[in-house]
Amino acid sequence: MTQQQTPASTTIDPELLSAARQAFANAYAPYSAFQVGAALRGISGRIYSGANVENASYGLGRCAEQSAIQAMASAGERGFTALVVYTEASPPASPCGACRQILFEFSPEASVVCVNAQGESVTGSVADFLPHGFRLEHG
Ligand SMILES: [Zn+2]
C-alpha cells in the first residue's frame, strides 16, 4: 500500500470518485457523524455504490463498502475491478477488517483507492489490505 498526496483526477476513476462522493452525501450516520461513501466498478463496467447506514442498535450498522458489495452481488455480479472509498478523514479512512474480508471474497486483485477531499489517498489491492484473506477451500 502507498500513502500519497496526489491530485485525485490523475489516479482515480473519476466516475467512481463521483459515485463515492454522492454516496457519502447520502450516508446515514446520526450516531458517529462519520460519513463514508464507497463505489466499485463491477466486471461488467457497471458502478455500484453504497454508504454507511447506522442504527440505534449500534451493532446493526453497516459499512459503505458492504453496502456497495450488497448492491453488486444483488444485481448478479460476482466481481469488481476497482473500489473508491471516500471520507473526510485525514489520512483517508480505509476499509475496516470485516469489509476487507467481504471485498476479498469477490476480488482479491481489485484496486482500492481510499481518498479524501484534500486529495490524499491510500491505495493498494484488496489483497494488500488483507494479506492471507480467508478462503473456504473445498477439498
Ligand atoms: Zn467496514
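As the structure is a computational prediction, the values presented were derived from the model and not from experiment. Whatever order the structure lists ligands and atoms in, that order sets their numbers, starting from 1. Heads up: numbering here begins at 1 and tracks the sequence.
S107 places no side-chain N or O within donor-acceptor distance of the main-chain N or O of L103, the cut-off being under 3.5 Å.
Taking R41 as the reference, D13, E15 meet the salt bridge (charged side-chain N to carboxylate O under 4.0 Å, His left out) condition, with sequence neighbours excluded. Every residue meeting the side-chain contact (heavy atoms from CB on, under 4.5 Å) condition with Q101, not counting sequence neighbours, appears here in chain and number order: F104, L130, F134. For F34, there are no ring pair (Phe, Tyr, Trp, His ring centres under 6.0 Å) partners, not counting sequence neighbours.
Inside a sphere of radius 2.8 Å centred on the Zn ion (ligand 1), the protein N/O/S atoms present are C63 SG, C96 SG, C99 SG.
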Under the criterion side chain to side chain donor-acceptor pair (under 3.5 Å), I'd like the reasoning laid out for S125 against E109: C-alpha separation, chi angles, the key distance, then a yes or no.
CA-CA 5 Å; S125 69; E109 303 309 316; 4.9 Å; no
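Annotation: side chain of F80 is not in contact with side chain of I43 (no heavy-atom distance under 4.5 Å).
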